Undergrad: 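There's a structure below that I have some questions on.
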Amino acid sequence: MRKILHVDLNAFYASVEQALNPDLEGLPVAVAGDKEKRTGIILTSSYEARKFGVKTGMTVGDAKNLCPNLVLVKPNFKNYMSYSIRVMDILRSFSPDVEQFSIDEAWVDVTGCEHLFGDGAEIADKIRHKIKDELNITASVGVSYCKLVAKMASDLKKPDATTVVMKEDLEKVIWPLPINDLMGVGRKTRIKLNDIGIFTIGDLANSSLSFIEKRFGKVGRYLWYFANGIDNSKVSTLRETAKGIGNSITTPRDIVNLEEASEVLMVLSESVGKRLREHGLEGDVIEITVRTSDFNTFVRQRKIYHHTDTTYEIHKNALKLLSENWVNENRIRLLGVRVTGLRESSGFKQMSFFEEKAVQKNEVLDRCMDTIRDKYGKNAIVRASMMVNESHKSINIVSDKEWTPMNPFNKGGGNL
Amino acid sequence: MWFTCEKDVLQEAINIVQKAASNKTTFPILEGILITVEKDRVILSATDLDLGIETYVNADIHQVGSVVLNSKILGEFIRKLPNDVITVKKENNDVYITCLKSEFVLVGNNPEEFPKLPVINENTMYEISQDLLRNFIKQTIFAVATDETRPILTGVLFEVRNEVLSFVALDGYRLALKSYEIGNKDNISAVIPGKTLIEISKILEPINEPVKITFTPNHILFNLGDTKIISRLLDGEFINYRQIIPDEYRMKVKVKTNELMESIERASLLAREGKTNLIKFEIKEDKMVITSNSQMGKVYEEVNIELEGEGLKIAFNSKYFLDVLRIIDSEEIYLEFSSNVSPCLVKKVDSKDYIYLVLPVRLVDTV
């Protein structure tokens, strides 16, 4: 039997704001996109605010009506990202098999780790305590024998709790839940299922598979399996699944010349390169995304015929792609850099007649900078070219697609 | 336009010129074969503007004229005809091809629209046998660059210098150099597109018949007697390859080509799985140990060698070694090494006419 944990960070954005600013502790806090405007949308609210009925997706105006003392905070994705990365590092200190599902959710396969850290529930508690001690935010952890049930279990008790749901608990714990609590059942499917008398997960689990399949096709089959707690999908690390690693930036002001663009591409290439090296990956396709101020977006990519993870090579090729494809009259408002064609780096490199010295030098340089930054922070060392324009330091880098993987229940190992 | 000839003869001629016909539809006339019937001969030609081929066909001529026919359709139709006499006759714009009880009518294109092949003054500059040229191509072509980062490297350098003819191909990672004493001839240095040479090598036969070679500043002409091949040359300077080839080494291994190849082939089965093709050599005294591993397992191979100098551990991309072992025409070879981060030279034991150089795979420095 496998031991799978699902870790869900509670009220994540709001919790991070409270962790960073002690003045907010214990107050009803909400993170909202456009907090000045009453039509802005609540992204997350703290548990204190939830008591008043403030929910994700509400307008700022409605939320203020429910809770006049609500403290509104502008989102700071950079902080959320860095907290998220630190949480993932904590998870990886328990098991290498960590699959991140979104910025605040991940599965951990701890099968076989019992001797090291205790049984599933004990590991879950240790993880929660470590996250709380180190980051001052809370998590709900579900413990089960598969990803699906672990995820449902983490939803049962919030915040700051461990919930174990094993196979024999399904009937008692999961089946009474309303059908829309099941992964894959949205509003439309719920209505269709209600139409045929299915209101709880148990109702679906006890229906005949052939009937459901006839009615809903392949999707129906999957839902029936899910309702019966059958899920054989693997917890897969980024290594196995990532097709590409990329970052993009909406620049504070439009970019009008190649020099400026080169600096921004450097910021992006550094970040992409570092992530590649962290995950032990190298790629042989460089891709750029460009959005011009008239909101036209184009993507260009090029195969580079050898695998790389160095900032220097990523930047060189990204810049070349941009200069070949950019008509200078167009001002740029968003730039993205992505590396695909990934494989695990073997630690070996084919030597070349050309630029061998530069390549070797940059490999060492990158790794050296990584070490310094890991130890002393990102701004402890910067490229001289980055010092010309201080504003780049404050740019928000957004990782593309990293948080939106394909269907996590479709990852092999399964015999549905 | 009207002629008759044997099916075999026409089919062979079509096969030859087809190699130059374009596959792209941007300029449809280039997908055609130009058939020109003169008083005493029939000429077939095709070109994609980079490469042009023309060849003569033995035929009974009844009426002169010319037409352009789609190369693919014509080729397939002729190939499927029985072995007998074929009549080709143009009436207005239609071309009637008849053989026994089959008749095929193709709409012809205007021959005036067909681009003229460059006219080259045929004062032969170099002459080598078909067989030798074939070997020259075979032993170098595999090392041309497949990417367009440095376009000049997608071609093979044709160089005559100090009475020696050399073909040189190199991508970023290995170099192949084939040479031959051609006698007192003019020096030259020109780069022939790899694609041209691949097509030519399909036409060349392992026979002693001479190939006459002529250059203009922009073109090369190969004259095989009944067939002429004209190709554009690549623009630009070739890499100064001499400075890449070291003239000293610290250790030298003598090994049987076949044994080494078979061992590497086995080792590369697993190396391929890791997408890196990485194989490791450990050379010591009288043997060379070849290993490779991936998540699927590992391979260990031993090959007997004669060693001059000290041992060494070094790693390579197996493909770069297999490529050369498969075409080198020598039962035994020398491998020359200096260190595990400098090139390995592969040479024939019995001749100095071939050098292959390959760069190793090195360990990434971690701080």
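First the proteins, then the strands, lettered A, B, ... as listed; each starts at 1. In this text the structure is predicted, and so the values were computed from the model without any measurement.
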Undergrad: Side chain from CB out, backbone as N, CA, C, O: work out which of these in B/Val341 comes under 4.5 Å of a heavy atom of chain A, or both, or neither.
TA: both
Undergrad: Would you find more than 12 non-hydrogen atoms of other residues, nucleotides or ligands less than 6.0 Å from A/Glu134 atom CD?
TA: yes
Undergrad: Nearest 0.5 Å, please: how far is NE2 in A/His306 from CG in B/Asp171?
TA: 12.5 Å
Undergrad: Around atom NZ of B/Lys348, are there more than 12 heavy atoms of other residues, nucleotides or ligands at under 6.0 Å?
TA: yes
Undergrad: Between A/Gln350 and B/Leu359, is there a donor-acceptor pair closer than 3.5 Å when you use the side chain of the first and the backbone of the second?
TA: yes
Undergrad: How many angstroms lie between CZ in A/Arg302 and OG1 in B/Thr149, if you round to the nearest 0.5 Å?
TA: 8.0 Å
Undergrad: If a pair satisfies salt bridge (charged side-chain N to carboxylate O under 4.0 Å, His left out) and one of its residues is in residues 140-157 of chain B, list it, with sequence neighbours excluded.
TA: none
Undergrad: Would a 4.5 Å heavy-atom cut-off, applied to side chains only, mark B/Gln243 and A/Phe353 as touching?
TA: no
Undergrad: Counting only heavy atoms not in B/Glu285 (residues, nucleotides, ligands), do more than 12 fall under 6.0 Å from its CD?
TA: no
Undergrad: Considering residues, nucleotides and ligands other than A/Glu259, do more than 12 of their heavy atoms fall under 6.0 Å from its CD?
TA: no
Undergrad: Between B/Tyr173 and A/Ser352, what is the shortest heavy-atom contact and its length?
TA: CE2-CB, 3.7 Å
Undergrad: What do the steps show when you test A/Phe348 against B/Asn317 for side-chain contact (heavy atoms from CB on, under 4.5 Å), and what is the final call?
TA: CA-CA 10 Å; A/Phe348 291 94; B/Asn317 180 335; over 6 Å; no
Undergrad: Please look at B/Ile239 and chain A and tell me whether the side chain, the backbone, both or neither of the residue comes under 4.5 angstrom of a heavy atom of that chain.
TA: side chain
Undergrad: Among B/Pro343, B/Pro360, B/Ser342, whose side chain to side chain contact (heavy atoms under 4.5 Å, CB included) with A/Met351 holds?
TA: B/Pro360
